2 protein chains.
Amino acid sequence: MIQEKKRTFNVFAASKGLRSTRQRDNILDVFLATHQHVSVEELYLKVKAVSQGVGQATVYRTLKLFVEAGLAREILLHDGQTRYEHVLAGEHHDHLVCTGCNSIIEFENETIEQLQDEIAARHGFMIRSHKLEIYGLCSRCRT
Amino acid sequence: MIQEKKRTFNVFAASKGLRSTRQRDNILDVFLATHQHVSVEELYLKVKAVSQGVGQATVYRTLKLFVEAGLAREILLHDGQTRYEHVLAGEHHDHLVCTGCNSIIEFENETIEQLQDEIAARHGFMIRSHKLEIYGLCSRCRT
DNA sequence: CTAAAAATGAAAATGAGTATCAAAAGCAGG
DNA sequence: CCTGCTTTTGATACTCATTTTCATTTTTAG
C-alpha cells in the first residue's frame, strides 16, 4: 500500500494566489530527488513514470514557478535545452563543462564570488545571480 | 567608386576544405565591424544592407564556422536568441547583464581568470573557454 | 577550361517553449 | 460537504529560432 506523503509546508502558499496541487507536488518531489541539471523533458519523463496524469506544459509552467519561488535556477548550456538545478540556501556552485563527454563538474570558489561583488560594486550594479561556466575537456577526454 | 578590399589572409583556408566566398567575407567584415553581442538576426539585417544576396541560413552557418575557427564565441542570454561576440586574441571579458534594461557592461578580471585556471588544474580539466555572467540591476535600474 | 567538391538560397522541417481554452480541481464561506 | 469563484491543468495549436534539404551556383585543384 502506497503512503501518500503529506507535504509539511506548502511552498506555493507563500506567494500570491498560488495553489498547491497534486501535479506541483509531484513535480517538486521528483525535482528535489533529482541531482543537478535536469532538462524539462527529463523531468517530464520522470514525473510521468511516477504519476500518470501530468502534462508537459505543466512541467514547463511549474519549473518557471520554481525559479520565481527561488527553488530552482535556469542553466543554459549549448544544446538548446534549458536545464534547471536546485537552489540550496546559501550554496552556489559553478560548472566545468566537458565538451567531450558533456559531463559537468561542480565547484565553488568563495574568492571568485567576492571578486564579483567588488566588480559589481564598482559599477553600481546590484547582483541578483550569476553563472560561471568553464568549457573544455575533462581529464578523461583530454587524451 | 567602391574599392573591393582584398582580404590579406584567408581565415578559412586554414581549416580542412573550407572555401573563401563573397558571402563569408561580407559576413566577416560586418561581424568584425560590429561591437559586442550581435544576434544572428541583427547580423543578417546588417549584411543584407551591405550586399543583397546573402541568405539567413548562410549567416547561421557562417557564424558557427567563426566559432569553430575561434573568431567568435556564442553567448546565451535568456531571451532565446543566440548572440555572438568577437574573440580577440588574448582578450576576454565577462558580463554584467542588467535584467532591467538588458544593457551589458563588460569587465575583465585577471584574478578571476587565474583562479579558474587553478580550479581547472585541480580537476585535471583543460580549459577551452569560459563564460561568466552576472545578472542583476544596473545603477540606473536599481531605484 | 573542366570536373569534383563545397557553398548557397529558398523553402520546408524541426523542436523547444508558449498560448489558448474548455474542463477539472482547489479553496473559502456557509 | 455544497456553492460559487478562481486557479490550474492537459491537449493541442502555435510561435519562432535554428537546421535541414536539395537543386543550383560558385570555388578550386589540376
Side-chain angles (χ1 to χ4, degrees), chain A residues 4 6-7 9-30 37-45 47-69 72-84, chain B residues 4 6-7 9-30 37-69 72 74-84:
Chain A
E4 264 297 298
K6 198 123 189 194
R7 195 166 299 292
F9 64 103
N10 180 350
V11 193
F12 307 105
S15 313
K16 30 184 174 160
L18 288 187
R19 289 179 177 172
S20 155
T21 67
R22 176 180 59 81
Q23 289 88 333
R24 287 178 180 171
D25 284 349
N26 285 161
I27 296 171
L28 183 57
D29 281 339
V30 174
H37 322 116
V38 217
S39 70
V40 182
E41 184 62 18
E42 285 163 1
L43 203 61
Y44 168 58
L45 293 176
V47 169
K48 212 168 59 170
V50 173
S51 82
Q52 269 306 310
V54 176
Q56 249 182 327
T58 302
V59 179
Y60 274 99
R61 283 188 281 236
T62 306
L63 281 173
K64 300 213 140 189
L65 281 182
F66 289 174
V67 172
E68 279 175 39
R73 183 184 293 125
E74 273 189 14
I75 308 273
L76 300 177
L77 301 184
H78 289 261
D79 64 349
Q81 283 197 222
T82 302
R83 291 161 187 286
Y84 292 87
Chain B
E4 262 298 296
K6 199 122 187 196
R7 196 167 297 293
F9 65 103
N10 180 348
V11 193
F12 307 105
S15 315
K16 30 184 174 160
L18 288 187
R19 291 177 177 175
S20 157
T21 66
R22 175 181 58 82
Q23 288 90 333
R24 287 178 181 170
D25 284 349
N26 284 160
I27 295 171
L28 182 56
D29 280 339
V30 174
H37 322 118
V38 218
S39 70
V40 182
E41 184 63 16
E42 284 163 2
L43 202 62
Y44 168 59
L45 293 176
K46 292 192 185 206
V47 169
K48 211 168 58 171
V50 174
S51 82
Q52 269 306 310
V54 176
Q56 249 183 328
T58 302
V59 178
Y60 275 99
R61 284 188 280 235
T62 305
L63 281 173
K64 300 214 138 188
L65 281 182
F66 289 174
V67 172
E68 280 175 39
E74 273 189 15
I75 308 273
L76 301 177
L77 301 183
H78 288 262
D79 64 348
Q81 282 197 223
T82 303
R83 290 159 189 285
Y84 292 87

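Just so it is clear, the model here is predicted, and its values are computed rather than measured. Chain letters run A, B, ... following the sequence lines, proteins first, then strands; residues in each count from 1.
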task = Could you tell me which non-hydrogen atom of Val59(B) sits nearest to which non-hydrogen atom of Tyr44(B), and how far apart they are?
result = CG2-CD1, 3.9 Å
key: nucleotides 18-27 of chain D: protein proximity per nucleotide (B base, S sugar-phosphate only, - neither; heavy atom, under 4.0 Å)   = BBBB-----B
ask   = With Thr82(A), which residues qualify under side chain to side chain donor-acceptor pair (under 3.5 Å), at least two apart?
value = none
For atom CG of Leu18(B) and atom C1' of dT8(C), their distance in whole Å = 14 Å
inquiry  = Is any side-chain heavy atom of Val40(A) closer than 4.5 Å to one of Gln81(A)?
reply    = no
inquiry  = Holding to side chain to side chain donor-acceptor pair (under 3.5 Å), I want the full list of residues that pass it with Gln56(A), two or more places apart in sequence or in another chain.
reply    = Glu41(A)
key: Spacing of Leu28(B) atom CG relative to dA7(C) atom C1', expressed in whole Å   = 16 Å
query = Rounded to the nearest 0.5 Å, how far does CD1 of Ile75(A) lie from NE2 of His37(A)?
reply = 5.0 Å
task = Measure the CD1-CG distance between Ile27(B) and Leu63(B) for me, rounded to the nearest 0.5 Å.
result = 7.0 Å
query = Taking atom P of dA16(C) as reference, at what distance in whole Å does atom NE2 of His78(A) sit?
reply = 17 Å
request  = Nearest whole angstrom, please: distance from the C1' of dA17(D) to the CG of Leu63(B).
outcome  = 13 Å
query = Taking atom types as modelled and ignoring hydrogens, do the side chains of Thr58(A) and Gln23(A) form a donor-acceptor contact shorter than 3.5 angstrom?
reply = no
Angle of first-five versus last-five pair axes in the helix from dC1(C)-dG30(D) to dG30(C)-dC1(D), to 10 degrees = 50°
message = Counting C-beta onward and ignoring hydrogens, is there a side-chain heavy-atom pair between Tyr84(B) and Glu74(B) closer than 4.5 Å?
response = yes
Separation of atom OH in Tyr44(A) from atom P in dG17(C), rounded to whole Å = 15 Å
remark   = Between Arg22(B) and Ser51(B), the two heavy atoms sitting closest are NH1-OG, 3.9 Å
inquiry  = Under a 3.5 Å distance rule, please check whether Arg83(B) uses its side chain to pair with a backbone N or O of Leu77(B) as donor and acceptor.
reply    = no
ask   = When the distance from CG of Leu43(A) to P of dG17(C) is rounded to whole Å, what number comes out?
value = 12 Å
inquiry  = Just to be sure I understand the geometry, which residues of residues 47-55 of chain A put a non-hydrogen atom under 4.0 Å away from DNA chain D?
reply    = Gly53(A), Val54(A), Gly55(A)
Kindly give the atom pairs (protein nitrogen or oxygen, nucleotide nitrogen or oxygen) under 3.5 Å for nucleotides 14-16 of chain D.
none

query = What integer distance in Å separates Asn26(A):CG from dT9(D):P?
reply = 10 Å
ask   = Rounded to whole angstrom units, what separation is found between the CG atom of Leu65(B) and the P atom of dA6(C)?
value = 13 Å
query = Between Leu18(B) and Arg24(B), which heavy-atom pair has the shortest distance, and what is it?
reply = CD2-NH1, 4.1 Å
